[in-house]
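Report on one structure; see the data block that follows.
Below, chains carry the letters A, B, ... as their sequence lines are ordered, and counting in each starts from 1.
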Amino acid sequence: DAGVIQSPRHEVTEMGQEVTLRCKPISGHDYLFWYRQTMMRGLELLIYFNNNVPIDDSGMPEDRFSAKMPNASFSTLKIQPSEPRDSAVYFCASRPRRPREQFFGPGTRLTVL
Amino acid sequence: AQKVTQAQTEISVVEKEDVTLDCVYETRDTTYYLFWYKQPPSGELVFLIRRNSFDEQNEISGRYSWNFQKSTSSFNFTITASQVVDSAVYFCALSGTGGGADGLTFGKGTHLIIQP
């Protein structure tokens with residue numbers, strides 16, 4: 001089985017540009033999570049979905065961030081407009097209803113200049 | 001609110017030594033889950049173990065073992081006879097059950113360096 005797939009793996013953009021990160025969860029997994037990793041803040045949850053429905057978006061930094069899950073096999077995280085402080089590694093993870101361990105994608109390294 | 005504390009920022013040992021990574025957690029949930037993840041230099045996050053709050057049985061998997069003690073809110077990880085390939089950042093994490101609590105709360109991680 002393929003693991004969680006994220007694209008792009010690396011993204012370099014300029015401040016003010018729109019950035020879209022993509023994730024394909026493991027087939028059959030009911031839950032999808034977006035995390036961000038920075039040196040200062042470590043790994044933090046941004047938002048998660050259950051059966052394509054957003055459950056907790058309290059970790060989304062501000063209105064510039066939005067996430068969607070139009071179907072069970074695809075999710076996007078969009079930043080508009082991007083700022084240098086958004087530079088981080090963004091991970092997508094998925095898990096089934098049981099057991100509860102999450103499986104992570106390889107991450108997208110975002111650099112905003 | 002949930003919190004995970006990994007007090008050891010960095011540990012350096014010589015190959016074949018045993019090493020224990022500490023993890024202390026805080027939660028108000030009566031049912032919760034604890035995890036350890038490994039992040040090697042390549043950057044991916046690799047799942048190692050899950051432990052349920054109602055199961056305090058310790059677990060051993062090869063050179064890895066985990067000690068879960070609810071009385072001290074700790075979930076420590078021991079590597080026996082460490083190897084250079086064990087060098088990585090190790091994260092302890094906590095999640096609740098439903099009601100918006102399924103996300104992982106991570107500790108800051110322990111950078112483990114195994115010197116040959």
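Rounding to the nearest 0.5 Å gives a distance of 12.0 Å between CD of A/Q6 and CD of B/E44. Here CG of B/D102 is found 8.0 Å from CD1 of A/I55. Values are rounded to the nearest 0.5 Å.
Residue A/E62 qualifies as enclosed at atom CD: its count of foreign heavy atoms under 6.0 Å is above 12. Heavy-atom neighbours of A/N71 CG from other residues, nucleotides or ligands within 6.0 Å: above the threshold of 12. Other residues, nucleotides and ligands place more than 12 heavy atoms under 6.0 Å from the CZ atom of B/R63. The local environment of CZ in A/R98 is crowded, with over 12 non-hydrogen atoms from other residues, nucleotides or ligands closer than 6.0 Å.
With contacts defined as side-chain heavy-atom distances shorter than 4.5 Å, the pair A/F91/B/L45 qualifies. A/E101 places none of its side-chain heavy atoms less than 4.5 Å from the side chain of B/I49. Contact of the B/Y37 side chain with the A/L43 side chain is not registered, since no non-hydrogen atoms from C-beta on lie closer than 4.5 Å. By the 4.5 Å heavy-atom criterion applied to side chains, B/N52 and A/R100 are not counted as neighbours.
Of the two parts of B/T97, the backbone and the side chain both hold a non-hydrogen atom closer than 4.5 Å to a non-hydrogen atom of chain A. If you measure heavy-atom distances from B/A93 to chain A, you find no contacts under 4.5 Å at all. Of the two parts of A/M39, neither the backbone nor the side chain holds a non-hydrogen atom closer than 4.5 Å to a non-hydrogen atom of chain B.
Checked against the 6.0 Å centroid threshold, A/F104 and B/F47 do not count as a close aromatic pair.
Note on B/V13 and B/Y64: same hydrophobic cluster, where clusters join Ile, Leu, Val, Met, Phe, Trp and Tyr whose side-chain heavy atoms are under 4.5 Å apart, directly or indirectly. No continuous path of ILVMFWY side-chain contacts below 4.5 Å connects B/F91 to B/W36, so the two sit in separate hydrophobic clusters. Following chains of ILVMFWY side-chain contacts shorter than 4.5 Å, one cannot reach B/L34 starting from A/Y35, and the two form parts of different hydrophobic clusters. Cluster annotation: A/V89 and A/Y48 are assigned to the same hydrophobic cluster (Ile/Leu/Val/Met/Phe/Trp/Tyr, side-chain heavy-atom contacts under 4.5 Å, transitive). A single hydrophobic cluster is not seen to contain both B/F106 and B/Y32; linkage of ILVMFWY side chains at heavy-atom distances under 4.5 Å, directly or through other members, places them apart.
Closest approach of A/M40 and B/K108 over heavy atoms only: O-NZ, 4.0 Å. Residues B/R50 and A/P99 approach most closely at NH2-CB, 3.3 Å, considering heavy atoms.
Between chain B and the residues A/Q37, A/R95, A/E44, A/R109, the largest count of heavy-atom pairs under 4.5 Å involves A/Q37.
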